[in-house]
Amino acid sequence: MPARTWDPPGPLDLHRTLGVLQRGPGDPAFGVRDGELWRACRTPEGPGTLRIAALPAAGQVEAEAWGPGADWLLDRLPELLGESDDPARLTARHRIVHEARRRHPGVRLARTGLVLESLIPSILEQKVTSDEAYRAWRLLLQRHGEPAPGPWERMRVMPAPRGWALIPSWEWHRAGVDAKRSSAILRAVRAARRVEEAARMDLADATRRLTALPGIGPWTAAETLQRTLGAPDAITVGDLHLPKIIGYALTGRRGTTDEEMLELLAPYEGQRHRAARLILLSGRVPPRRAPRFPVGDIARL
């Protein structure tokens, strides 16, 4: 059980930095216990579990890891927590962005260095509610993942590429995943080696690599590379809610389109994802006018 400590180069909000890796409540691959963050994943060296805790008195982060992937996870701990991220590169052009950054100085962009870990749940989130996607991820990991190394028994590591490929069609159906999304996942895992190479590319090349696969568009690529690369300009286009939130926060108007959102964020070119993240942290969202979209369940069909 190797362990490390690390001195962050500046303020670090551990929970908001890594919280984007959690896929809903009850995520078998991510958890918080006694204020500590736990993450189970499949590294190039094999399954690994990472426990991370802040040591405020010392201004440090403490981590320990289990499994064949333990050393890989610990070696990349600084990158995961945003060591190479530079929040100062963003110049606030709106008061709401300035205030959000002032209130949340420790939010950095996590960089996992793993592609499939973020790509598969992002595919599951295509064109469905978050609750449906989180349920599918949870069920698939519980039934087809493997117990994570380490002492927290509920944690699961997602299947290896071959494991995803062997999931029978009725199990996808039981998890509420339609054929379009399951087929996209199967294409991705069959090209796993080339897909994982995107973790060593710049944003433009990585986006081209992912979107070359049928079923993976700009929305899915951006959602993946925000986490894999910690890419500050990987703005999500094609989202149902994000343009409306950005537009309302910056102008007070409703019904903002993707094109209008990109125009509003043009002053943040190179940092558009970071700017959007800060706007979301401000909490300024348009009041709800319609009931929440109903959750579907194709498993009952």
Side-chain angles (χ1 to χ4, degrees), residues 13-43 47-54 63-67 69 73 80-81 107 110 112 114-160 163-164 167-168 170-178 181-182 184-185 188-189 220 223-224 226-228 236 239-241 277 280-281 292-301:
D13 185 329
L14 198 58
H15 288 259
R16 284 195 171 93
T17 295
L18 293 185
V20 295
L21 304 181
Q22 183 174 24
R23 302 296 182 152
D27 182 351
F30 191 99
V32 180
R33 186 168 69 171
D34 300 327
E36 300 172 344
L37 277 70
W38 292 69
R39 175 177 173 239
C41 58
R42 186 170 294 282
T43 78
T49 301
L50 183 67
R51 180 193 67 83
I52 308 174
E64 57 184 337
W66 296 262
L73 289 168
L80 176 68
L81 299 180
V107 176
T112 67
L114 299 170
V115 182
L116 286 175
E117 175 192 68
S118 294
L119 177 60
I120 291 172
S122 295
I123 293 172
L124 291 174
E125 291 174 12
Q126 292 175 352
K127 307 296 184 183
V128 297
T129 66
S130 296
D131 287 345
E132 290 173 271
Y134 296 157
R135 174 183 177 273
W137 175 248
R138 188 169 60 247
L139 291 178
L140 289 167
L141 261 63
Q142 288 170 345
R143 294 184 65 87
H144 301 283
E146 62 183 87
W152 197 355
E153 294 83 0
R154 83 157 182 86
M155 302 287 288
R156 306 285 289 183
V157 175
M158 76 173 196
W164 286 109
I167 296 175
W170 60 85
E171 287 287 306
W172 293 104
H173 185 79
R174 182 179 296 176
V177 181
D178 57 43
R181 287 179 291 152
S182 62
I185 290 171
V189 299
T220 307
E223 289 288 310
T224 301
Q226 288 164 9
R227 297 164 172 85
T228 298
T236 303
D239 192 81
L240 179 62
H241 304 293
R277 181 90 183 276
L280 292 174
L281 285 172
R292 185 181 292 271
F293 191 79
V295 176
D297 185 2
I298 70 166
R300 296 185 178 184
L301 299 179

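Only this structure's heavy atoms are used, side chains among them; waters, hydrogens and symmetry mates stay out.
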Sequence neighbours excluded, the answer for side-chain hydrogen bond (donor to acceptor under 3.5 Å, both in side chains) partners of Thr236 is Glu223, Gln226
Taken in chain and number order and not counting sequence neighbours, the residues that satisfy side-chain hydrogen bond (donor to acceptor under 3.5 Å, both in side chains) with Ser118 are none
Taking every non-hydrogen atom, the tightest pair across [X] and [Y]:
X	Y	result
Thr43	Gly69	OG1-CA, 3.4 Å
Ala53	Leu14	C-CD2, 4.1 Å
Ala40	Ala148	CB-CB, 3.7 Å
Trp172	Ile167	NE1-O, 3.4 Å
Pro28	Gln142	CG-CG, 4.1 Å

field: From CA spacing to verdict: side chain to side chain contact (heavy atoms under 4.5 Å, CB included), Leu124, Tyr134
entry: CA-CA 8 Å; Leu124 291 174; Tyr134 296 157; over 6 Å; no
Euclidean distance, [Y] [atom2] relative to [X] [atom1], rounded to 0.5 Å:
X	Y	atom1	atom2	answer
Arg156	His144	CZ	NE2	10.5 Å
Gln126	Ile123	CD	CD1	6.0 Å
Trp137	Gln22	CH2	CD	12.0 Å
Leu116	Thr224	CG	OG1	9.0 Å
Glu64	Leu50	CD	CG	9.0 Å

Check: With Arg143, which residues qualify under salt bridge (Lys or Arg N to Asp or Glu O under 4.0 Å), at least two apart?
Finding: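 Listed in chain order: Glu171.
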Any donor-acceptor pair under 3.5 Å linking the side chain of [X] with the backbone of [Y]?
X	Y	result
His15	Leu37	no
Arg42	Met158	yes
Thr228	Leu114	yes
Arg227	Ala110	no

Residues pairing under salt bridge (Lys or Arg N to Asp or Glu O under 4.0 Å) where one sits in residues 28-41, two or more places apart or in two chains, turn out to be Glu36-Arg51, Arg39-Glu117
Residue pairs meeting salt bridge (Lys or Arg N to Asp or Glu O under 4.0 Å), one or both in residues 15-31, sequence neighbours left out, come to Asp13-Arg16, Arg23-Glu125
Assess whether side chain to side chain contact (heavy atoms under 4.5 Å, CB included) is satisfied between Lys127 and Asp178, documenting all intermediate values.
-> CA-CA 11 Å; Lys127 307 296 184 183; Asp178 57 43; over 6 Å; no
Looking at side-chain heavy atoms only, is the closest gap between [X] and [Y] below 4.5 Å?
X	Y	result
Leu139	Arg174	no
Cys41	Leu73	yes
Leu80	Leu21	yes
Leu81	Leu18	yes
Thr49	Pro151	no

Those residues at least two apart in sequence (or on a different chain) that pass ring-ring contact (aromatic ring centres under 6.0 Å, His included) with Trp66 are Trp38
